[in-house]
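Numbers for residues simply follow the sequence, beginning at 1. Below, all heavy atoms of this structure are taken into account, side chains as well, without hydrogens, waters or symmetry copies.
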Amino acid sequence: IFLTPNSYSIIVGKLLSDGWMEKSSLNSNTRFRFKQSIIRVDYVINSFMVLSHYCSNLPYLVSSLRLGVNHFGIAFNTRYLPCFNDIYDIFYKDKVKVIPFNIYELLTPIALAHWIMGDGAKMNKSLILCTDSFTLQEVITLMNVLKIKFDINSTIHGIKNNRPRIYILNESMPKLITIVKPYILKSLLYKIISPALPTSSLNPHKRGG
């Protein structure tokens with residue numbers, strides 16, 4: 001069983017957001033897991049349909065208790081497979097998720113779109129990427145890749161609270177939209193498109209593999 005380039009990019013994008021991986025204690029193979037709030041059920045189901053070849057179970061409902069309130073989410077996980085081992089080896093160090101040394105090559109437009117869908121939030125007329133789980137140095141690395149590879153300018157928010165997040169500057173939003181819009185679900189387009197930047201002003205972009 002092998003990962004297609006499309007599946008590989010989708011998993012990379014999700015690992016930059018809410019996805020994670022686990023090693024089996026029995027055979028050292030790896031599985032991929034993904035969870036989102038129940039209001040993102042369409043995104044989780046869409047992701048599952050693309051990756052269902054690697055799964056043995058359907059998505060399932062999960063709940064957690066926070067401040068006395070039940071919060072519901074939907075999740076799925078793949079089987080433990082050798083084809084996920086290479087991704088685990090570059091994304092994890094001592095069981096902690098890190099930014100890979102070759103993130104420049106890994107961050108494709110598809111991966112960027114899934115990063116945004118998983119962990120992006122609209123902020124004013126721009127976008128913020130919730131990179132709280134990464135170190136400041138790793139966040140700066142991601143910002144450099146966005147600039148060098150896609151010419152997207154960004155800055156950092158949340159340093160004082162030790163929660164560094166990437167804030168895409170408004171000037172770079174038209175370029176970002178052109179890059180990722182073909183891969184963003186219609187229900188999540190609100191994360192990148194505001195009333196001040198209507199879809200009719202965007203150039204058409206064919207969906208790639």
Side-chain angles (χ1 to χ4, degrees), residues 3 6-23 30-52 54-55 57-67 69-81 84 87-88 90-93 95-100 103 106-123 127-136 138-139 141-143 145-146 154 157-158 161-168 176 180 183-192:
L3 284 172
N6 182 64
S7 296
Y8 197 103
S9 286
I10 289 172
I11 291 173
V12 167
K14 293 183 184 303
L15 286 173
L16 291 173
S17 60
D18 288 336
W20 73 99
M21 294 186 127
E22 295 175 342
K23 277 280 190 183
T30 306
R31 71 175 176 176
F32 170 75
R33 305 187 69 182
F34 186 64
K35 180 177 70 173
Q36 291 269 281
S37 167
I38 193 66
I39 63 174
R40 300 282 180 264
V41 61
D42 57 336
Y43 177 44
V44 176
I45 295 299
N46 178 271
S47 300
F48 169 77
M49 295 302 294
V50 175
L51 301 174
S52 60
Y54 310 100
C55 303
N57 297 303
L58 294 171
Y60 51 92
L61 191 68
V62 295
S63 64
S64 59
L65 189 65
R66 285 181 288 173
L67 301 176
V69 179
N70 268 324
H71 295 266
F72 294 94
I74 184 168
F76 72 88
N77 53 263
T78 68
R79 291 172 283 164
Y80 288 102
L81 296 170
F84 295 118
I87 305 181
Y88 181 92
I90 61 175
F91 264 97
Y92 283 81
K93 183 177 181 181
K95 298 183 179 181
V96 177
K97 189 163 66 172
V98 299
I99 296 301
I103 189 61
L106 298 179
L107 191 60
T108 63
I110 292 175
L112 180 56
H114 280 270
W115 181 15
I116 291 169
M117 287 190 286
D119 246 358
K122 187 176 179 182
M123 187 173 183
L127 174 78
I128 195 161
L129 293 165
C130 302
T131 47
D132 305 19
S133 61
F134 299 119
T135 66
L136 178 59
E138 289 174 324
V139 171
T141 296
L142 290 169
M143 292 172 61
V145 172
L146 289 173
S154 61
H157 281 199
N161 300 324
N162 199 29
R163 297 174 62 187
R165 295 179 172 184
I166 297 175
Y167 179 76
I168 306 298
L176 176 68
V180 302
Y183 315 107
I184 301 284
L185 291 185
K186 185 177 180 180
S187 62
L188 296 176
L189 280 173
Y190 72 89
K191 291 193 174 191
I192 60 170

Next item on the list: Return the minimal non-hydrogen interatomic distance between Pro109 and Tyr183, and the atom names on each side.
Entry: CB-CE1, 3.8 Å

Next item on the list: Not counting sequence neighbours, which residues clear side chain to side chain donor-acceptor pair (under 3.5 Å) with Ser7? List them please.
Entry: Thr4

Next item on the list: Could you pull out the closest heavy-atom pair between Gly118 and Asp18, with the gap in Å?
Entry: O-OD2, 3.5 Å

Notebook entry, point to check: Only one of Tyr54, Phe48, Tyr43 clears ring-ring contact (aromatic ring centres under 6.0 Å, His included) with Phe34; which?
Noted result: Tyr43

Checklist line | Aromatic ring proximity, centroids under 6.0 angstrom, Tyr88 and Phe84 | finding: no

Note to self: Under the criterion side-chain contact (heavy atoms from CB on, under 4.5 Å), I'd like the reasoning laid out for Ile184 against Lys191: C-alpha separation, chi angles, the key distance, then a yes or no.
What the structure shows: CA-CA 9 Å; Ile184 301 284; Lys191 291 193 174 191; over 6 Å; no

Notebook entry, point to check: With no hydrogens and no angle check, is any side-chain donor or acceptor of Thr131 less than 3.5 Å from a backbone partner on Pro164?
Noted result: yes

Next item on the list: Report the residues that fulfil salt bridge (charged side-chain N to carboxylate O under 4.0 Å, His left out) with Arg31, sequence neighbours left out, ordered by chain and then residue number.
Entry: Glu22

Notebook entry, point to check: Who passes salt bridge (charged side-chain N to carboxylate O under 4.0 Å, His left out) against Asp132, sequence neighbours left out?
Noted result: Arg163, Arg165

Notebook entry, point to check: Do the side chains of Ile103 and Leu142 get nearer than 4.5 Å, heavy atoms only?
Noted result: yes

Checklist line | Any Leu16 side-chain heavy atom under 4.5 Å of Leu107 side chain | finding: yes

Notebook entry, point to check: What are the two closest heavy atoms between Pro59 and Ile45, and how far apart are they?
Noted result: CG-CD1, 3.8 Å

Notebook entry, point to check: For Gly19, does its backbone N or O pair with a side-chain atom of Lys97 as donor and acceptor, under 3.5 Å?
Noted result: yes

Next item on the list: For the pair Thr108 (side chain) and Ala111 (backbone), establish whether a donor and an acceptor sit closer than 3.5 Å, ignoring hydrogens and angles.
Entry: yes

Next item on the list: Only counting residues at least two apart or in another chain, list the ones meeting ring-ring contact (aromatic ring centres under 6.0 Å, His included) with Phe91.
Entry: none

Notebook entry, point to check: Excluding sequence neighbours, so at least two apart, what forms side chain to side chain donor-acceptor pair (under 3.5 Å) with Thr141?
Noted result: none

Next item on the list: Would you mind listing every salt bridge (Lys or Arg N to Asp or Glu O under 4.0 Å) that reaches into residues 70-81, with sequence neighbours excluded?
Entry: none

Next item on the list: Flag the pair Val139 / Ile166 as yes when at least one side-chain heavy-atom distance between them is below 4.5 Å, and no otherwise.
Entry: yes

Note to self: Tell me whether Thr135 contacts the main-chain N or O of Glu138 through its side chain, where contact means a donor paired with an acceptor under 3.5 Å.
What the structure shows: yes

